[in-house]
Amino acid sequence: METKVSLSVDGVTHDVLVDTRTTLLDGLRDRLGNFSPKKGCDHGQCGSCTVLVDGRRVVSCLSFAVSYEGTEIVTADGLADGDDLHPMQQAFIDQDGFQCGFCTPGQICSAVGMLEEADRGFPSSVTDSTDPGEQAGEPDATELSAAELSDDEIRERMSGNLCRCAAYPNILAAIRQAADR
C-alpha cells in the first residue's frame, strides 16, 4: 500500500508516494533521484547511506521513509551553499579523503554529524569520562570541543563508516582539517 509523504530533502520539500515499507534510502534514490547516499551493504553495517536528519546521523537503509515527514533531511549534496563547498567537503578534497568515492557521501555526512555531536557534548566509548551519565549517552555539561578530539576519538566516532579503499588516514586528516576550522 502506498501513502503520500512529504520529505524535506536538501532544502526542498517533495510530496512523494511510497510503500510504507520503503526505506529512506530507497525513497531518496528511487523516488526522488537523489543518488548521493549509496546503497552499500543494505544492512546498516557500512555507513555509505548515512544522511543527516535534523542534524543527527541516520543510516538511511534501515529507516522507513514515512518516519521522516516533518524532518529536515540533508544529504552530502545538500551540504554545499551554492557553489561554496561545506568545509568538510573541501577538506575531503584537500586531504584526498576519497579514492573510489563510493563511501564519500556517507563519510562526509557522518563526519559533519559526528563533529556536531562532539560539540554538543555527546561522548563516545573512548571519551575520558568519570560521569556514568555521560557513558549512557547524555551530553556532558562541559561540552567536548570537536577541534580537541583525539585521533582515537575520531576513529571511534567514525567506526560505522567503512571505506573499501582504506583511505582512513586521509579521511582522518580531512576531519581534523574541518574540525580545526
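Just so it is clear, the model here is predicted, and its values are computed rather than measured. Position 1 is the first residue of the sequence; numbering continues from there.
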field: Backbone of Phe98 reached by a side-chain donor or acceptor of Asn170 within 3.5 Å
entry: no

- line: Students should find that the hydrophobic cluster of Val9, defined by side-chain heavy atoms under 4.5 Å apart, otherwise consists of Val5, Leu7, Val16, Val18, Leu24, Leu28, Leu32, Val51, Val53, Val58, Phe64, Val66, Tyr68, Ile73

statement: Closest non-hydrogen atoms of Gly40 and Ser48, given as atom of the first, atom of the second and distance, are N-OG, 3.3 Å

message: Regarding Glu69 and Ser6, do their side chains bring together a donor and an acceptor under 3.5 Å, going by distance alone?
response: no

- prompt: Where is the tightest heavy-atom contact between Ala173 and Gln95, given as atom of each residue plus distance?
  reply: CB-OE1, 3.5 Å

task: Check side-chain hydrogen bond (donor to acceptor under 3.5 Å, both in side chains) between Ser110 and all other residues, then give those that pass, not counting sequence neighbours.
output: Arg57, Asn161

- prompt: Quick one: side chain to side chain donor-acceptor pair (under 3.5 Å) pairs with a partner in residues 76-90, sequence neighbours left out?
  reply: Gln90-Asp94

query: Minimum heavy-atom separation for Cys61 to Asp42, with atom names?
result: CB-OD1, 3.6 Å

query: Is the shortest heavy-atom distance from the side chain of Glu116 to the side chain of Arg56 under 4.5 Å?
result: no

- prompt: Roughly how far, to the nearest 0.5 Å, is CZ of Phe102 from SG of Cys163?
  reply: 11.5 Å

query: Where the side chain of Ser63 meets the backbone of Ser60, is there a donor-acceptor pair that is under 3.5 Å apart?
result: no

query: Do Ile154 and Met114 come close enough that some side-chain heavy atom pair is under 4.5 Å?
result: yes

query: Heavy-atom distance under 4.5 Å between the side chains of Asp19 and Met1, does that happen here?
result: no

Salt bridge flag under 4.0 Å for residues Arg31 and Asp26: no

- request: Determine, stepwise, if the pair Asp54 / Thr71 fulfils side chain to side chain donor-acceptor pair (under 3.5 Å).
  value: CA-CA 6 Å; Asp54 293 336; Thr71 63; 4.9 Å; no

field: Least distance between heavy atoms, Met88 atom then Ala178 atom
entry: CE-CB, 3.5 Å

field: Side-chain touch Leu85/Ile93, heavy atoms, less than 4.5 angstrom
entry: yes

field: Same apolar cluster (I L V M F W Y, side chains within < 4.5 Å links), Val59/Leu25
entry: no

Shortest non-hydrogen contact from Leu149 toward Ala118: CD1-CB, 3.8 Å

task: Indicate the atoms forming the closest heavy-atom contact of Ser124 with Arg157, along with that distance.
output: N-NH2, 3.5 Å

message: For the CG atom of Leu79 and the CD1 atom of Ile108, what is their distance to the nearest 0.5 Å?
response: 7.5 Å

- prompt: So do the side chains of Ile175 and Gln107 get within less than 4.5 Å of each other, counting heavy atoms only?
  reply: no

message: Tell me whether Glu2 is salt-bridged to Arg21, with the criterion being a basic N under 4.0 Å from an acidic carboxylate O.
response: no

- request: Answer yes or no: is there a side-chain heavy-atom contact under 4.5 Å between Val126 and Arg155?
  value: no

message: Do Arg29 and Lys38 have side chains that approach each other closer than 4.5 Å (heavy atoms only, starting at C-beta)?
response: yes

message: Using only atom types and a distance under 3.5 Å, with no angle test, would you say the side chain of Ser150 pairs donor to acceptor with the backbone of Glu153?
response: yes

- prompt: Any side-chain heavy atom of Glu156 within less than 4.5 Å of one from Ser125?
  reply: yes

query: Distance from Cys109 atom SG to Leu52 atom CG, nearest 0.5 Å?
result: 4.5 Å

